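Quick caveat, the model's predicted, so the values are computed rather than measured. Chain naming here is simple, since letters A, B, ... match the order of the sequence lines and numbering starts at 1 in each.
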Amino acid sequence: MSTAERSDIQSIEALLRRTAKDFEYPETPDLAVRWESSRRPVRRAQPLAWAGALILILAIALFLSVPQVRAAVREFLDVGVVRILFAPTGALPTAERPVESEPVFDLAGETSFQEAQELFGAQIRLPQFPPELGSPDRVYYQDIGGPSVVMIWENPERPFEVLMSLQLLRAGAFLEKVAPEVIQQTSVNNHPAVWTTGPYLLQTRSGQLEQTRLVTGQALIWAEGDITYRLETRETLENAVRIAESLR
Amino acid sequence: MNLGYSDRRFCISEISIGQVAERDLILRTRAGDDRAWQELMGLHQEAVFRLGYLILGDADAAADVAQETFLRAYHALHRFDLDRPLRPWLLRIASNHSKNWLRALGRYMNTLKRFADLEFTGRSERRPAERKLYSRQISTLTWEAIRKLDPTDQQIIFLRYFLDLPVAEAADALGVRPGTVKSRLHRALARLRRIIESEYSELIEDARE
């Protein structure tokens with residue numbers, strides 16, 4: 001470096017130090033005080049969102065408290081941390097379900113696979129089938145009462161269109177599906193599994209928990225060890241099971 | 001964004017907590033002492049928030065990033081190497097999360113629009129009739145030039161000059177060796193020099209006077 005270049009670099013550094021000195025930051029929020037609330041999924045207080053979730057839970061509880069309803073609900077199926085409530089065909093009203101898929105960039109907690117691995121606290125296995133699938137395009141870590149990781153594979157020709165999502169949940173997280181439209185029991189690696197449809201709870205960037213879906217398709221739910229998996233895909237059941245059994 | 005005179009200069013190196021005390025707080029946090037974690041947050045939240053603000057240019061987004069950073073760090077604290085300082089690790093999480101945030105379509109477009117508006121407004125204000133530049137104008141123009149660098153160059157400049165991290169801590173925050181920090185910084189400064197020479201020559205002329 002010539003003397004002139006060195007001198008210019010020193011001038012640049014002087015400019016940077018002056019700019020840093022003059023830079024006015026907004027006041028730092030006191031996160032330490034808000035720590036207790038920051039440990040829960042909703043970061044920006046959204047009373048209506050929590051009210052919505054509470055209403056949903058209460059509605060389910062009230063729904064099931066009616067003797068006729070309890071009699072009509074034959075049984076429930078627990079698959080890991082997911083509870084699926086069955087109902088006779090046509091006997092019970094089905095909940096409204098959204099038609100559109102949630103835009104993927106509106107999910108909360110986007111991170112890297114490595115960070116998700118660290119936060120999840122257990123091995124995150126990836127599907128090896130189909131061979132051209134590759135690594136997930138987006139990874140999200142969400143605390144929904146317990147650790148949850150959502151991985152998304154996008155349509156390479158249409159960015160932000162989700163081809164497949166795989167959600168992993170550990171103890172503490174809890175999901176409930178009521179009277180899904182389609183239900184079929186199957187197995188993954190000899191573990192009981194269900195093939196179903198309908199929305200589920202995801203946390204969006206606004207801090208709300210919303211009933212939504214990422215793929216207009218079906219969901220395969222099963223548990224292995226202490227991890228519950230939910231694979232959402234447009235594939236057939238046969239291919240979905242094949243994908244699920246390819247996790248390494 | 002408002003650049004104005006400020007008597008208060010934030011300097012991370014002035015934080016007077018030793019590595020031993022920090023280690024103790026981390027161990028207490030691991031044992032379930034939430035107050036210890038809150039104390040650690042209090043010590044590092046300003047640096048984390050400011051890095052987010054430098055990258056994102058938005059206070060609300062920076063607050064979200066900072067909150068998410070501490071949440072993630074808390075859940076991963078059991079894996080943290082106690083022989084390392086906490087701050088660079090927190091800044092690395094914040095930096096990654098800020099970049100992920102930027103990648104989200106809506107915020108990326110807003111950021112582009114925000115800085116495009118800033119540039120237009122800034123230039124109309126910062127072309128005074130007088131040749132002599134005032135301090136605030138110098139800083140504003142320099143900031144404008146910094147924003148023309150790619151995010152990698154901006155980040156190392158933010159860590160070294162705005163957050164005053166020593167080379168070793170900047171290396172830790174970036175996940176690279178100290179030698180790499182020096183070489184990246186040298187390249188970033190060279191690129192910044194070229195931008196200033198071609199578009200903000202008055203800064204060089206003012207500096208030489």
Side-chain angles (χ1 to χ4, degrees), chain A residues 1 4-5 7-41 43-44 103-112 114-121 138-143 147 159-160 205-207, chain B residues 1-6 9-10 34 37-39 41-42 45-46 48-50 53-54 59 62-64 66-68 70-72 74-76 78-79 93 96-97 100-101 103-107 135-136 138-140 142-143 146 157 160-162 164 186 189-190 192-193 196-197 203-204 207-208:
Chain A
M1 184 187 297
E5 286 174 336
S7 175
D8 280 342
I9 290 294
Q10 288 172 345
S11 299
I12 300 298
E13 289 189 299
L15 285 172
L16 288 173
R17 292 193 181 95
R18 170 185 270 175
T19 303
K21 179 177 179 295
D22 288 343
F23 195 90
E24 251 183 29
Y25 296 91
E27 189 174 337
T28 301
D30 195 342
L31 300 175
V33 170
R34 294 194 286 175
W35 169 240
E36 281 305 313
S37 59
S38 75
R39 294 180 65 185
R40 293 291 166 231
R43 288 192 294 278
R44 297 181 188 177
V104 298
F105 49 79
D106 208 34
L107 289 185
E110 186 167 4
T111 181
S112 66
Q114 186 181 0
E115 275 190 29
Q117 178 74 75
E118 289 182 3
L119 293 169
F120 191 61
R138 295 175 186 266
V139 181
Y140 302 84
Y141 175 83
Q142 301 186 341
D143 187 341
F160 302 114
R205 282 196 182 277
S206 63
Chain B
M1 184 193 69
N2 179 26
L3 287 182
Y5 292 108
S6 173
R9 182 180 186 192
F10 178 72
D34 260 10
W37 180 241
Q38 289 178 282
E39 195 171 333
M41 288 179 69
Q45 62 186 7
E46 190 167 65
V48 171
F49 171 76
R50 288 188 171 188
Y53 183 73
L54 286 166
D64 272 358
Q67 198 162 350
E68 187 74 15
F70 284 109
L71 182 65
R72 295 179 182 195
Y74 179 82
H75 285 294
H78 61 286
R79 296 172 183 266
I93 297 173
N96 288 339
H97 190 54
N100 290 339
W101 185 284
R103 278 211 304 271
L105 181 64
R107 281 154 186 86
S135 179
R136 181 172 178 172
I138 292 172
S139 296
T140 303
T142 307
W143 176 254
I146 292 169
I157 285 175
R160 286 286 292 143
Y161 295 99
F162 283 75
D164 253 346
H186 179 78
L189 292 177
L192 183 60
R193 177 171 64 90
I196 289 176
E197 283 178 347
L203 288 174
I204 297 290
R208 286 174 181 162

Check your understanding: With a 4.5 Å limit on heavy-atom distance, are the side chains of A:Leu15 and B:Leu192 in contact?
Key ->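 Result no, sub-4.5 Å side-chain heavy-atom pair not found.
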Practice item. With a 4.5 angstrom heavy-atom cut-off, could you sort out which part of A:Ser112 is near chain B: side chain, backbone, both or neither? Key: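 For A:Ser112, the backbone is the part near chain B, not the side chain.
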Practice item. Pick one of side chain, backbone, both or neither for A:Glu115, based on which atoms fall under 4.5 Å of a heavy atom in chain B. Key: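 Only the side chain of A:Glu115 comes within 4.5 Å of chain B.
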Check your understanding: Is it true that a side-chain atom of B:Gln45 and a backbone atom of A:Ala32 form a donor plus acceptor pair closer than 3.5 Å?
Key ->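 Yes, B:Gln45 side chain to A:Ala32 backbone: donor-acceptor pair under 3.5 Å.
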Review point. Relative to each other, are the rings of A:Phe23 and B:Trp143 parallel, tilted or perpendicular (30° and 60° limits)?
Key: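 It falls in the tilted class, 30° to 60°.
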Exercise for review: Give, for atom CD of B:Glu68 and atom CZ of B:Arg72, the distance between the pair rounded to the nearest 0.5 Å.
Suggested key: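 That separation rounds to 4.5 Å.
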Review point. Going from CZ on A:Phe120 to OG1 on A:Thr111, what distance comes out if it is rounded to the nearest 0.5 angstrom?
Key: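 Result: 13.5 Å between the selected atoms.
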Which portion of [X] sits near chain A, non-hydrogen atoms under 4.5 angstrom:
X        : result
B:Arg79  : side chain
B:Ile146 : side chain
B:Leu189 : both

